[in-house]
Amino acid sequence: MSTATHSSMKLAGEQSQLVSSKRPMVIAGPCSAESEQQMLQTALGLKKVKGVSVFRAGIWKPRTRPGSFQGVGTVGLEWLRTVKQETGLRTACEVANANQTAQALQHGVDILLIGAHTTVNPFLVQEIADALKGVQVAVLVKNPVNPDLALWLGALERLHNSGVIDLGAMHRGFSTLDSAPYRNHPKWEHALELRRQVPDLAMYCDASHIAGRRSLLRPVSQRALDLGYNGLMVESHHNPAAALSDAQQQIMPQELHMLLEALKKQHTPAEKLKQNAQLEKLRKEIEYLDDELLTLLSRRTKVTAQLGDYSKPVEKSVETPDPVRWDLVLENLLHQASTAGIDQAFVKTIFQEVRSQYARTHLYNYGLSS
Ligand code: PEP
Ligand code: MN
């Protein structure tokens, strides 16, 4: 993990549209704009939800496979404008190139979102940054799909270099081979490291794209609040079952109301935030060490299998593995454990378990088990 010093970005601070003293700010709305009726019905529901101040909807959808719903395009921006007029909610949508950026600005969108599939591409980010020269608008930059902090920071810097100072980061989790139980693995420590490097950056958590399913929205949102995030984004649709994209993770406005009520909005003092960040780092280190332990165990298993081949018994009466040798090995290990300050009984249990697993496999392989 990078230990670079604080970034020199000068941000909007108190003037930011992205932070509120009544933490957290909540952005909610459907994954995709589908029809004017769907937008209005959802927005009228969301207007009643205390805490929601921004309505989002995807106008152009980056989809993994062709043939999926690609978004309604420009007409959706008209509907966003209607939502703003009818409800007074501010609006947000994702833009992925200069043309979409210009159209969103023409339609009075308040907050631009840079999606995860755009943050990975410095050409596109630069194109958007160029389109925003001299424009005062708030921009939230999602983390890139892959856990590359420099890429995330780089996108923020490109926008900042164009004069965008009302900037925030949106944490939507990372694509990993095994993200279970999440849709996108949160890797909280990456987001915390970004905040360490750019302390004034507004931090949002896109709970929906991390969770990928309704049941995880609450723990993910709570974690973000506990870590001192400034805002949450939750996808909401008046009829999630009929949604044209991300149906399994959207919730109805009334459900969002219950979710927000259930979250404990304790004000987290700065000292506690620091402590949480430190905890996150230690958790990460333990995850890493567990991974190492597993790698070592797997290597040990392979080596013992080879050993087994060499000491293949010629007849059943040959006892294998050698118990006398094992006693000496164990004695030595326990001595090392005590020098290293590790509980001897603990070490003994672990190695006896490892050894009996070896013995079981070995004897079984040669048909010697009783
Ligand atoms: C979205 O917000 O609907 C979206 C497509 O998100 P992401 O860029 O995080 O995939
Ligand atoms: Mn979505």
Side-chain angles (χ1 to χ4, degrees), residues 18 26-34 38-39 42 46 52 54-66 68-73 76-77 79-80 91-97 100-101 104 109-121 124-125 128 138-148 151-152 155-156 159 168-176 179 182-187 190-191 194 203-214 216-217 220-221 224 229 231-252 256:
L18 300 170
V26 181
I27 302 177
C31 177
S32 301
E34 297 165 4
Q38 168 246 9
M39 294 272 273
T42 306
L46 288 172
V52 174
V54 181
F55 179 86
R56 66 146 277 159
I59 306 294
W60 301 277
K61 300 303 297 177
R63 304 312 299 276
T64 310
R65 309 279 304 272
S68 315
F69 177 61
Q70 304 288 316
V72 292
L77 292 172
W79 304 337
L80 263 187
T91 52
C93 78
E94 177 181 342
V95 292
N97 58 35
Q100 293 174 4
T101 305
V109 173
D110 299 288
I111 298 174
L112 303 180
L113 300 167
I114 310 289
H117 298 84
T118 306
T119 309
V120 284
N121 186 333
L124 287 176
V125 175
I128 296 168
V139 184
L140 280 167
V141 181
K142 287 203 181 187
N143 63 259
V145 182
N146 54 324
D148 183 338
L151 209 47
W152 199 0
L156 289 157
L159 289 159
M170 186 175 281
H171 176 201
R172 55 76 85 188
F174 301 89
S175 228
T176 52
S179 298
Y182 307 100
R183 174 176 177 186
N184 290 295
H185 203 288
K187 295 185 174 290
H190 274 270
L194 182 73
M203 284 296 297
Y204 276 66
C205 172
D206 173 354
S208 300
H209 290 90
I210 290 179
R213 52 176 129 160
R214 290 180 264 277
L216 284 178
L217 286 174
V220 170
S221 304
Y229 281 42
L232 295 174
M233 185 164 89
V234 182
E235 286 188 339
S236 176
H237 190 293
H238 73 92
N239 180 10
L244 297 181
S245 59
D246 286 352
Q248 64 296 343
Q249 70 191 27
Q250 303 203 59
I251 53 176
M252 290 191 286
L256 178 63

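All values below were derived from every heavy atom in this structure, side-chain atoms included, with hydrogens, water molecules and symmetry-related copies excluded. Both counts, for ligands and for their atoms, begin at 1 and track the order of listing.
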- Task: Check F174 against P186 and note the closest heavy-atom contact, atom names and distance.
- Result: CE1-O, 3.6 Å
- Query: Hey, is the main chain of M39 close enough, under 3.5 Å, to the side chain of T42 for a donor-acceptor pair?
  - Reply: no
- Item | Heavy-atom donor-acceptor pair, Q250 side chain to C31 backbone, under 3.5 Å | yes
- Message: From the N, O or S atoms in D246, identify the one nearest to the Mn ion (ligand 2).
- Response: OD2
- Kindly say whether the aromatic ring centers of Y204 and H171 come within a distance under 6.0 Å. no
- Could you tell me whether D110 and R56 have a side-chain N and a carboxylate O separated by less than 4.0 Å? no
Tabulate distances under 3.5 Å between N/O atoms of ligand 1 and N/O atoms of the protein, writing both atom names on each line.
from	atom 1	to	atom 2	distance (Å)
ligand 1	2 (O)	R56	NH1	2.7
ligand 1	2 (O)	K142	NZ	2.9
ligand 1	3 (O)	R56	NH2	3.0
ligand 1	3 (O)	K61	NZ	2.8
ligand 1	3 (O)	H209	NE2	3.4
ligand 1	3 (O)	E235	OE2	3.3
ligand 1	6 (O)	K142	NZ	2.8
ligand 1	8 (O)	A116	N	2.9
ligand 1	9 (O)	K142	NZ	2.7
ligand 1	9 (O)	R172	NE	2.7
ligand 1	10 (O)	R172	NH2	2.9

- Exam field: side chain H209 to backbone R183, donor-acceptor pair closer than 3.5 Å: no
- Task: Rounded to the nearest 0.5 Å, what's the gap from OG1 on T119 to CZ on R172? Could you check?
- Result: 9.0 Å
- Write the atom name of the N, O or S atom in E235 that is nearest the Mn ion (ligand 2). OE2
